[in-house]
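Written out below as structure tokens is the structure these notes cover.
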Amino acid sequence: MTDKRGKERIIIHIDYDCFYASVWENLRPELRTVPLGIQQKSILATCNYIARERGVKKLQLIKDAKAACPDLVIVNGEDLTPFRDASRSIFNFIAGTLVGTNQMERLGFDEIFIDVTALVDHNLALLLNSAPGDTFSFHLTLSPPHTTFPINLHNLPPYTHPSDSIPPSFSSLSLDTSGQAQPPETIRLLQRLYLATHLATHLRTLVKSTHNHTASAGISTSKTLAKLAGTINKPDAQTVLHPTTTQAFLDKFEIGKIPGIGRKAATIIRQLVNPLIEPEEQLHEEWFEDVKQKVTVLEVRTKLTQVDLARSPLGGTEAAKVWAWIHGLDDQGVGAKKTVPSQITVEDTFRSLTRAEAVMEVLDRLHSKMLSRMSSELVEDPEAAGGVGKKRWIAVPKTYRLSIRTRKHGFGNRVSRSMPLPSWVLSGVINGDNEGTVGRLSREMGWNLMKRALKEEGEERGWDLQLVNVGVAGIEGAEGGRRTIGEFFGGKGKQTVREEVAEVEEMDGEWELWEEECYVDGEEDEDVWGVCSVCGGRMLRFTLEAHARFHALEHSEGMDMDMA
DNA sequence: ATGGATGAG
DNA sequence: CATTCTCATCCAT
């Protein structure tokens, strides 16, 4: 514990440049030469560098962006499918290139952390044991069959931070820039960073040649430092941090720029450093930008103690993390490669959504996308891949969730309600019965949870939805599992019975109206609808019997299935 | 487990 | 500040 030198991890962080814009430029090459913005509703999610030179900003209102740059070309980016696909493709490509390194983590669609410690140590051993030369074959794999790329041992790719703090020649790493001999631990760490820097360049070159995306990268000894290092030179560039100057590097950052310190934590910490600022001044409107104090990491370190942070609303746990991060101590590991997401959500936003009919249309549309994604991301189909065999679940979600934001309860936050995911959703996906399942999801799941949420939030009249989000969660990576149709009946365990949903809803005013609009089309009478006594789902009466059989199966066959 | 808060891009 | 459309983790219950 006393001496960590020589045991430092080596982390590469890669960040694709203005990713959404870049994806569109690949889709439509003529967009490469024009100022390009990606629109989501009233804002630009991002824009290319040509647009940035013309004064366009990320997250700018569309009208402001057009004012700044009248010939801005705008494409719609509300459907994230092409971005998600490109992101996966690049990630899988890099994973396939670095066979044997499992610590590879995506952050959003456009960033990757890679822990290259084992790979670099392997190569350093090879290099130190080989005859001296001008080049070295870097091994991308830890065991045969090997793929390699050549590195020039007299040339370190740009950039280093501080500038030119690491000599370009591998054999000169034992001396610093003023010719001073370095301690052996430092030399070894520099040698490892040297190799990782070449690797980062190689990976960026490969991503450019195979996927036509430029990227920026940072190379250092922790996730925090690697990520921050990558911000120094961009786009299409990379930076390796000199390992003995990291504190000075961190000290210059505004506290809110440190990954993991977001808006809330940053505001609390700024207040502690400078109590003169009133909360309203910190949080409101136009002046915000002017009044907001920039509080640097150095100030936090020198004007506060960890105890100050711990006694603040941050609390002891957060305080300890923050205190460690700003002192360059970051033991956050790079997670294992993830093949399946832990949740799949789909959402849309609105200026105003009040009519029941419109709400049901929205639910149908969102559920349709949700089911497609479940099918493509959670189901393996050997036949679609040109082979034979049954479809099987790679991983199964446990929960269905609906989140909304209303105008009244508006700012800030979403309210959500969730239920165990019924088995008929899973069978619908496997059987490809998208249409029937969508309708059922909207009527029995989405609608009921929305009623619950609005009722419990005291918005049974005068509601006005601004956001509707549906999704499945609790997806557990089930690698190597053998799950076929039928298993989900027994494999999911017992579902919670929610009494309140089964109750006859008693609502007044507009709620009834809303419900009538949706369910009573003039010809329907009460006898058409029934409520399941087990799960409370509302459904057409003639489907109740079949529905009850699902529940029976759930309970009777539960123990026969392969639950690990 | 559920639902909210907070973080990330 | 939040704007968009996600995704992840932590915490109280």
Side-chain angles (χ1 to χ4, degrees), chain A residues 13 15-16 18-20 37-46 57-65 76-81 83-84 87 105-113 223-224 227 256-268 279-289 291-292 313-315 317-318 321-322 332 335 338 340-351 366 369-370 373 377 398-405 409-421 449 452-453 456-457 466-475 493-496 498:
Chain A
H13 175 259
D15 183 337
Y16 319 131
C18 46
F19 185 55
Y20 288 9
I38 312 300
Q39 178 174 204
Q40 288 172 332
K41 298 286 151 51
S42 61
I43 61 158
L44 285 185
T46 191
K57 305 267 182 57
K58 279 171 148 178
L59 304 186
Q60 196 169 33
L61 288 171
I62 298 289
K63 63 173 167 55
D64 295 344
N76 189 93
E78 287 162 22
D79 182 352
L80 303 188
T81 307
F83 313 133
R84 187 157 38 225
S87 174
E105 196 185 323
R106 274 204 303 166
L107 181 59
F109 288 166
D110 67 336
E111 297 183 21
I112 297 180
F113 289 99
K223 289 174 83 172
T224 300
K227 182 171 163 112
K257 299 281 194 215
I258 303 302
I261 304 179
R263 180 172 53 86
K264 303 278 187 184
T267 303
I268 292 167
E280 300 95 72
E281 289 177 347
Q282 288 246 341
L283 289 172
H284 280 300
E285 292 308 316
E286 295 296 318
W287 339 330
F288 185 84
E289 285 306 318
V291 170
K292 186 174 86 175
L314 271 188
T317 310
E318 268 298 296
K321 285 196 247 175
V322 166
Q332 297 173 93
K338 254 183 109 180
V340 286
S342 53
Q343 58 179 245
I344 292 173
T345 64
V346 183
E347 71 185 34
D348 203 355
T349 53
F350 317 90
R351 296 260 297 147
L366 296 181
K369 286 190 81 176
M370 185 184 90
R373 290 235 266 132
E377 296 173 31
K398 290 184 159 42
T399 308
Y400 169 87
R401 186 176 60 224
L402 172 119
S403 310
I404 55 175
R405 196 177 65 217
H409 240 264
F411 42 76
N413 284 312
R414 297 141 108 99
V415 295
S416 72
R417 293 295 180 270
S418 57
M419 280 181 68
L421 184 72
L449 292 192
R452 268 219 283 144
E456 287 166 19
E457 296 297 317
Q466 290 190 312
L467 173 144
V468 179
N469 173 109
V470 299
V472 289
I475 303 170
K494 292 186 181 173
Q495 296 188 354
T496 314
R498 290 211 158 255

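In what follows, every chain begins at residue 1, and chains take the letters A, B, ... in the order their sequences are listed. We use all heavy atoms of the structure for the numbers below, so side chains are in, but hydrogens, waters and symmetry mates are not.
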Whole-Å gap separating [atom2] ([N]) and [atom1] ([X]):
| X | N | atom1 | atom2 | value |
| --- | --- | --- | --- | --- |
| A/Ile38 | C/dT3 | CD1 | C1' | 17 Å |
| A/Leu59 | C/dA2 | CG | P | 11 Å |
| A/Tyr20 | C/dT3 | OH | P | 16 Å |
| A/Asn469 | B/dG3 | CG | P | 14 Å |
| A/Phe109 | C/dC5 | CZ | P | 12 Å |
| A/Ile475 | C/dT9 | CD1 | C1' | 15 Å |
| A/Phe83 | B/dG9 | CZ | C1' | 13 Å |
| A/Gln40 | C/dT3 | CD | P | 13 Å |

Nearest to side-chain heavy atoms of [X], which nucleotide of [options]:
| X | options | result |
| --- | --- | --- |
| A/Lys227 | C/dT4, B/dG4, B/dA8 | B/dA8 |
| A/Val346 | C/dT6, C/dT3, B/dA8 | C/dT6 |
| A/Asn413 | B/dG3, C/dC7, B/dT6 | B/dT6 |
| A/Arg452 | B/dG4, B/dG3, B/dT2 | B/dG3 |
| A/Ser416 | C/dA8, B/dG4, C/dT6 | B/dG4 |
| A/Thr345 | C/dT6, C/dC11, B/dT2 | C/dT6 |
| A/Asp110 | B/dG3, B/dG9, C/dC5 | B/dG9 |
| A/Ser342 | B/dG3, C/dA8, C/dC11 | C/dA8 |

Given [N], is OP1 or OP2 found less than 4.0 Å from the side-chain N or O atoms of [X]?
| X | N | result |
| --- | --- | --- |
| A/Lys321 | C/dC10 | no |
| A/Arg84 | C/dC5 | no |
| A/Lys264 | B/dT6 | yes |
| A/Arg263 | B/dA5 | no |
| A/Arg414 | C/dC5 | no |
| A/Lys338 | C/dA8 | yes |
| A/Arg417 | B/dG4 | yes |
| A/Thr349 | C/dC5 | yes |
| A/Lys398 | B/dA1 | no |

Is A/Arg417 paired with A/Glu457 through a side-chain N to carboxylate O contact shorter than 4.0 Å?
->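 Result for this pair is yes, salt bridge flagged.
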Are any of the side-chain nitrogens in A/Asp79 or A/Lys369 under 4.0 Å away from the carboxylate oxygens of its partner?
->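 Answer for the salt bridge query: yes.
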What nucleic acid atoms does [X] come within less than 4.0 Å of, heavy atoms only: base, sugar-phosphate, or nothing?
| X | result |
| --- | --- |
| A/Arg401 | nothing |
| A/Thr399 | sugar-phosphate |
| A/Gln60 | nothing |
| A/Ile261 | sugar-phosphate |
| A/Gln343 | base |

Can you tell me how far the CG atom of A/Leu366 sits from the CG atom of A/Asp348, to the nearest 0.5 Å?
->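 The CG atom of A/Asp348 is 6.0 Å from CG of A/Leu366, to the nearest 0.5 Å.
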Nearest heavy-atom neighbours spanning A/Leu107 and A/Lys227 =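 It is CD2-NZ, 3.9 Å.
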Quick one: does A/Thr345's side chain have a donor or acceptor within less than 3.5 Å of a partner on A/Gly471's backbone?
->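 Pair absent, no side-chain N/O of A/Thr345 close to backbone of A/Gly471.
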Using the P atoms only, state how far C/dT4 lies from B/dG3, rounded to an integer number of Å.
->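 Pairwise P distance, B/dG3 against C/dT4, rounds to 24 Å.
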Toward the 5' end of DNA chain C, by each residue's nearest nucleotide, A/Lys369 or A/Thr317 =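 Counting from the 5' end, the first nearest nucleotide belongs to A/Lys369.
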Between A/Glu318 and A/Lys264, is a salt bridge (charged side-chain N to carboxylate O under 4.0 Å, His left out) present by the stated rule, with each step listed?
-> CA-CA 12 Å; A/Glu318 268 298 296; A/Lys264 303 278 187 184; over 6 Å; no
Can you check whether A/Ile43 reaches A/Leu61 side chain to side chain, under 4.5 Å on heavy atoms?
->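 When only atoms from C-beta onward are counted, A/Leu61 and A/Ile43 do touch, with a gap below 4.5 Å.
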